[in-house]
Amino acid sequence: MLCPRSLILDRVLKSAVSFSCRKYSVGQISQQGKVPDMAEVRNRLREIVGASTNWQDHQQVLVERASLSQYLAQSQDQLPPKRMKNSMIEAHLPLGSQPALREKYLNSHNSVRFGRILEDLDCLGDMRQNIIYPDCDIKFTGHVTWVGKTSVEATMHMSQYQDGAYTDVLDATFVMVARDPENKRAAFVNPLEPEGPEEEAIFHQGEVNKTRRVELSTASLLKVAPTAEERTLVHNLFLNTLDTRRASFRGRILPPNSVWMEEAKLKGLEICHPEERNIFNRIFGGFLMRKAYELGRANACVFAGCRPTVVAVDDILFRKPVEIGSLLLLSSQVCYTEGMYVQVRVHSEVLDPLTRQHNTTNVFHFTFCLEKDVPAVVPQSYGESMLYLDGKRHFDGTMRNHC
């Protein structure tokens, strides 16, 4: 998932590495003493990057950070290489041992709110099993797995303690882009040197992931026409909605066990308060993902009339940051269905209430599994047909990864 973020400056890299190699336990006491909770972790990160702790002070901090540009490396060669072990991190979420903490993560079905997990991971990849137990401890581990000149890919793993051992639940891969202290241009990051065949294979997978992101962007339906196979599919969908009693292209009827795509929407609005800011005083990406997921899940539930279970969260592209005070508009659309599966697309944009300008910030793709077969979703316009094809592409990719 492509998630632009401001990375730690060269001036504080030693401090950052020392910080990231520690083990964390949310609200838990370790043998070495009290381990910080997530709020304390974020405060520590603010100290490392020189971010403000109070929203009122952020403008002054921006002015002060401008002077740090002199410490930036002019090329990647000026930065010492790092090892994967330098970035190893582990954090625990003690849902089993701390019932008070569990309340924050429970949903109405007495299971874990997946949106909260999204917030903790910040970005999520592929899910290996459907159930996350609300009364068993969770462990997050991860490290940097690939580095370009100005970007870093990190892989996170989530496991849950049950029956005396930790079992893998999901994996997450996310990409961060380094920025200068004023967040105006890219900054170089330390090169990564793999050690041994296993790390070389992991690093190579990072190269494959980069190539895949470029290919997906190049083949986007916003840039190029559908394939011949996809055009045939869209035409057949259109023919299936024609009224055979009328020799007209305008007479459209809904096929049996189907729903018009226009009727499979759900929308939401969020006012972006300082409470949801990240350490760089913009809206936290995890908050955006949680809100998008919860809206998408609600849409799948309303569409199918039964409880959905998340199967996968596809690549999430953060096109631009969301500023404090923005009006965030979320639009969820069921764009493809197959059997018991529903593919949901959530489009996120900010609205400037003064200029009435809309700017896309994120696009989310969620795959849900239902308890029964669901109706087919049918596009009517050319634009809806492109949404249908885009949803099918994401769904097919998810199914390939799970097979």
Side-chain angles (χ1 to χ4, degrees), residues 1-8 10 13-14 16-24 45 73 76-77 79-93 117-118 120-129 138-160 165-178 186-217 285-286 289 311-318 365 394 397-403:
M1 302 173 202
L2 192 59
C3 309
R5 298 280 191 275
S6 297
L7 292 182
I8 297 168
D10 182 55
L13 279 176
K14 291 184 179 179
V17 169
S18 173
F19 173 68
S20 64
C21 290
R22 295 167 60 186
K23 292 186 178 181
Y24 301 104
L45 285 173
Q76 193 176 42
D77 296 334
L79 298 172
K82 298 290 183 180
R83 309 293 185 185
M84 289 188 184
K85 62 184 179 183
N86 294 141
S87 61
M88 289 294 294
I89 187 170
E90 179 177 312
H92 289 266
L93 187 61
I117 300 298
L118 280 173
D120 288 340
L121 275 177
D122 195 27
C123 285
L124 182 68
D126 183 36
M127 195 163 181
R128 294 183 180 175
Q129 68 179 44
I138 289 174
K139 179 173 69 174
F140 300 102
T141 59
H143 61 85
V144 173
T145 50
W146 176 85
V147 167
K149 288 187 176 181
T150 61
S151 58
V152 172
E153 179 184 282
T155 300
M156 296 290 295
H157 308 282
M158 174 180 156
S159 56
Q160 191 161 39
Y166 278 98
T167 303
D168 290 339
V169 177
L170 57 86
D171 297 328
T173 301
F174 55 94
V175 177
M176 296 183 287
V177 178
F188 293 104
V189 296
N190 297 69
L192 183 66
E193 290 188 352
E195 294 181 297
E198 182 179 356
E199 289 193 359
E200 288 177 359
I202 293 173
F203 189 87
H204 174 70
Q205 184 59 47
E207 294 282 0
V208 172
N209 293 342
K210 176 187 175 183
T211 301
R212 181 180 62 86
R213 289 193 295 268
V214 173
E215 291 175 348
L216 288 175
S217 176
M289 290 192 297
V311 174
V313 180
D314 212 332
D315 287 0
I316 297 174
L317 176 62
F318 285 77
H365 299 274
H394 285 279
T398 292
M399 292 298 104
R400 283 195 298 270
N401 291 335
H402 278 72
C403 292

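As the structure is a prediction and not an experimental result, all values here were calculated from the model.
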Exercise. Show your reasoning for whether side chain to side chain contact (heavy atoms under 4.5 Å, CB included) applies to S159 and T167.
Key: CA-CA 5 Å; S159 56; T167 303; 5.9 Å; no
Exercise. Take E153 and V175 through the test side chain to side chain contact (heavy atoms under 4.5 Å, CB included) and record every step on the way to the result.
Key: CA-CA 4 Å; E153 179 184 282; V175 177; 4.3 Å; yes
Quiz prompt | T155/Q205 under side chain to side chain contact (heavy atoms under 4.5 Å, CB included): CA gap, chis, key distance, verdict | solution = CA-CA 11 Å; T155 300; Q205 184 59 47; over 6 Å; no
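In this structure, CE in M84 is found 10.5 Å from CE in M88, a value given to the nearest 0.5 Å. Between the NZ atom in K139 and the CG atom in D168 there is a gap of 9.0 Å [rounded to 0.5 Å]. With rounding to the nearest 0.5 Å, the separation of CG in L170 from CE in M156 is 9.5 Å.
Judged by distance alone, the side chain of T398 and the main-chain N or O of A312 form no donor-acceptor pair under 3.5 Å. Looking at E207, its side chain never comes within 3.5 Å of a backbone N or O of W146 through a donor-acceptor pair.
Put simply, the side chain of I138 reaches to within 4.5 Å of the side chain of M158, judged on heavy atoms. In this structure, the side chains of V144 and K82 stay at 4.5 Å or more apart for every pair of heavy atoms. Taking the side chain as every heavy atom from C-beta outward, S151 and V189 never approach each other to under 4.5 Å.
Taking both residues in full, the closest heavy atoms of K149 and Q76 are given as CA-NE2, 3.6 Å, listed atom of the first, atom of the second, then distance. Residues S87 and H143 approach most closely at OG-CB, 3.4 Å, considering heavy atoms. The shortest heavy-atom contact between F188 and A73 is CD1-O, 3.5 Å. Residues P80 and N190 share a closest heavy-atom pair of O-ND2, 2.7 Å. Here the closest heavy-atom approach between residue R83 and residue L192 is recorded as C-CD1, 3.7 Å.
Enclosure of atom NZ in K210 is not indicated, since only 12 or fewer non-hydrogen atoms of other residues, nucleotides or ligands lie within 6.0 angstrom.
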